[in-house]
2 protein chains.
Amino acid sequence: MDSLQLTRCSINTATLGHREPIDVSIDRIAKAGFGGLAPWRHEVEAADVSKIAKQIRALDLKVTGYCRSTYFPASTREQRLANVQSNVRALNDAAELGAKCFVMVVGGLPEGSRDLSAARMQVQDGIAALLQEARNLAVPLAIEPLHPMYAGERSVVNTIDQAQAIARELDPHNDGFLGFAVDVYHCWWDPQLEGALTSIGNENRILAYHVSDWLAPTTDLLLDRGMMGDGVIDLKRFRQSVENAGYAGMVEVEIFSRDNWWNLPPDLVLQTCAERLQSVC
Amino acid sequence: MDSLQLTRCSINTATLGHREPIDVSIDRIAKAGFGGLAPWRHEVEAADVSKIAKQIRALDLKVTGYCRSTYFPASTREQRLANVQSNVRALNDAAELGAKCFVMVVGGLPEGSRDLSAARMQVQDGIAALLQEARNLAVPLAIEPLHPMYAGERSVVNTIDQAQAIARELDPHNDGFLGFAVDVYHCWWDPQLEGALTSIGNENRILAYHVSDWLAPTTDLLLDRGMMGDGVIDLKRFRQSVENAGYAGMVEVEIFSRDNWWNLPPDLVLQTCAERLQSVC
């Protein structure tokens, strides 16, 4: 398998720990030679969206995803509608940024609920409500299945199979605006993963591919992701599977690491990402 | 659905935090009115197995499972054989204790390995090597799928579907000595769970049913399980699914809770388990 070129690689700004304004991060990422980035809403909304979009275009960077959706499930219908509206506003920003997709972290169980099936149905309804707006704005929606350890609070969509079933039901003709993001951290353990990726055949709905590594041991459920090569995931094999399934897009690094990488100089983090992307991914 | 009778309920001794010798725990469990228990090897091996077996019989307690297998995967063939031999010794103790099953926590990736498929194959080979001995001793092997967050270090078997596939391949005629343990903590999130349990029809391989609860938030990957009713799992619905699939055995409580229940008086923990089993499970 070919070694990755940095121009095919993207940095999710969470990897830098959100320690600097977004325009500073963008300059660092471009200077380090990466071909793209994936910014977060709270960073972009704290700045001027048009200005950020202009900076990104001037540096010839791709936006591999805009992070992330407001959670869909809620206890009341009013709140669920408000969540969809919040996502419509973010979609407009995603369009202005020229994002390849809007990353959908769908949300967990509503406060006080134990009804997982109902929450999953609310997610599906929320995505359905957003899809036409995504088509209008030409920003694909990428459902990101999250690791099952996040089913309670962050995402009731936990496998690629599940994301694919939702996409097929809501968008049977696959017109390009509903698919999913594959993140190795969330999916690496899944015994049905190869099958799920293979079975799609010509129906490629992979809109983004995120890398990091699973540390053994992992000390925190959220903020202890590893740098590629420091954990137990066979990243080359994983990329092969994703590419065999038809994905030809960029490889995005997304590392939440409160006690390690977020304490190191941003340029050192970027340099390490660059090295590892080219050696172990 | 019927409320649970305590005589149908069992206490996994980990729930008490392994703070007292096993014979003391057994007396407490019997006195609290439970119909069974599931002891751990390190407790039993620290005592006299025959004496413990005699105490359990005298108190008319069932042993819902013997915890747990030595992990199968290893870097060398010698170590893998040694792991199987360790399990054969434990199976003999399980037989002496009259255990309903030997709980198989199968192990994660061997040190330094990133080959998940190979580890899964090693697990299957290890179970195959143990199965005849299980038949000889009349102790069923219960593969326990562990939550995907344990795939790196504790178990490369992570779903009921996966456990069932292994059981079907190694024991196609289902003669009663190879099945699986269903633990709500490990499986509650699985979108394919209902299907996996339903599809087995008359082929009931559920050998044990473990309850606790998933706390939101969860603060530790291993030692922050919740008491039934304190988390987000719909336990009555879960038991209904398991019983619909043909399970008519006991309900075992297994709670690892370093910062909460393991600090409370054992009799209070047992009393709380009794109340919750009868109200929310």
Side-chain angles (χ1 to χ4, degrees), chain A residues 108-120 145-166 185-196 213-222 224 226 229-238 280, chain B residues 108-120 145-166 185-196 213-222 224 226 229-238 280:
Chain A
L109 291 163
E111 183 73 29
S113 168
R114 293 188 177 87
D115 194 339
L116 193 53
S117 304
R120 285 174 168 158
L146 254 53
H147 193 285
M149 68 186 172
Y150 302 123
E153 296 168 288
R154 295 171 190 277
S155 176
V156 293
V157 174
N158 306 104
T159 64
I160 296 294
D161 246 9
Q162 205 188 344
Q164 188 156 254
I166 295 170
Y185 193 78
H186 298 303
C187 304
W188 75 278
W189 59 273
D190 186 355
Q192 300 196 316
L193 184 73
E194 293 266 347
D213 213 335
W214 181 276
L215 299 176
T218 290
T219 58
D220 186 272
L221 278 89
L222 188 62
D224 191 33
D230 290 348
V232 298
I233 304 176
D234 185 343
L235 289 161
K236 282 185 191 286
R237 180 172 173 171
F238 208 118
V280 302
Chain B
L109 291 163
E111 183 74 28
S113 168
R114 292 187 177 88
D115 194 339
L116 194 52
S117 304
R120 285 174 168 158
L146 254 53
H147 193 285
M149 68 186 172
Y150 302 123
E153 295 168 288
R154 296 172 189 276
S155 176
V156 293
V157 174
N158 306 104
T159 64
I160 295 294
D161 246 8
Q162 205 187 345
Q164 188 157 253
I166 295 171
Y185 192 78
H186 298 304
C187 304
W188 74 279
W189 60 272
D190 187 354
Q192 300 196 316
L193 184 74
E194 293 266 348
D213 213 335
W214 181 277
L215 298 177
T218 291
T219 58
D220 187 272
L221 278 90
L222 188 62
D224 191 33
D230 290 348
V232 299
I233 304 176
D234 185 343
L235 290 161
K236 281 185 190 289
R237 181 171 172 171
F238 208 118
V280 302

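Remember, it's a predicted structure, so these values are computed and weren't measured experimentally. The figures here come from the full heavy-atom set of this structure, side chains too, leaving out hydrogens, waters and symmetry mates. So that the names make sense, note that chain A is the first sequence line, chain B the second, and so on, each numbered from 1.
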Picking from A:P191, A:C187, A:P148, what satisfies side-chain contact (heavy atoms from CB on, under 4.5 Å) with B:P148? A:P148
Residues B:D190 and A:R120: closest non-hydrogen pair is C-NH1, 4.3 Å
Closest heavy-atom pair and its distance - A:L109, B:W188: CD1-CZ3, 4.2 Å
Given heavy-atom pairs under 4.5 angstrom as the criterion, report whether the side chain, backbone, both or neither of A:T218 touches chain B. both
Does a side-chain heavy-atom distance below 4.5 Å link A:T159 with B:W189? yes
I'd like to know if the side chain of B:R114 and the backbone of A:L235 have a donor-acceptor N/O pair within less than 3.5 Å. no
Which is it for B:Q162 and A:Q192 under the side chain to side chain contact (heavy atoms under 4.5 Å, CB included) test, yes or no, and what are the steps along the way? CA-CA 9 Å; B:Q162 205 187 345; A:Q192 300 196 316; over 6 Å; no
B:L221, part contacting chain A, at a heavy-atom distance under 4.5 Å: both
Does anything in residues 146-156 of chain B form a side chain to side chain donor-acceptor pair (under 3.5 Å)? List the pairs, not counting sequence neighbours. none
Segment of A:D115 engaging chain B (4.5 angstrom heavy-atom cut-off): side chain
Contact winner vs chain A - B:G108, B:P217, B:S113, heavy-atom pairs under 4.5 Å: B:P217
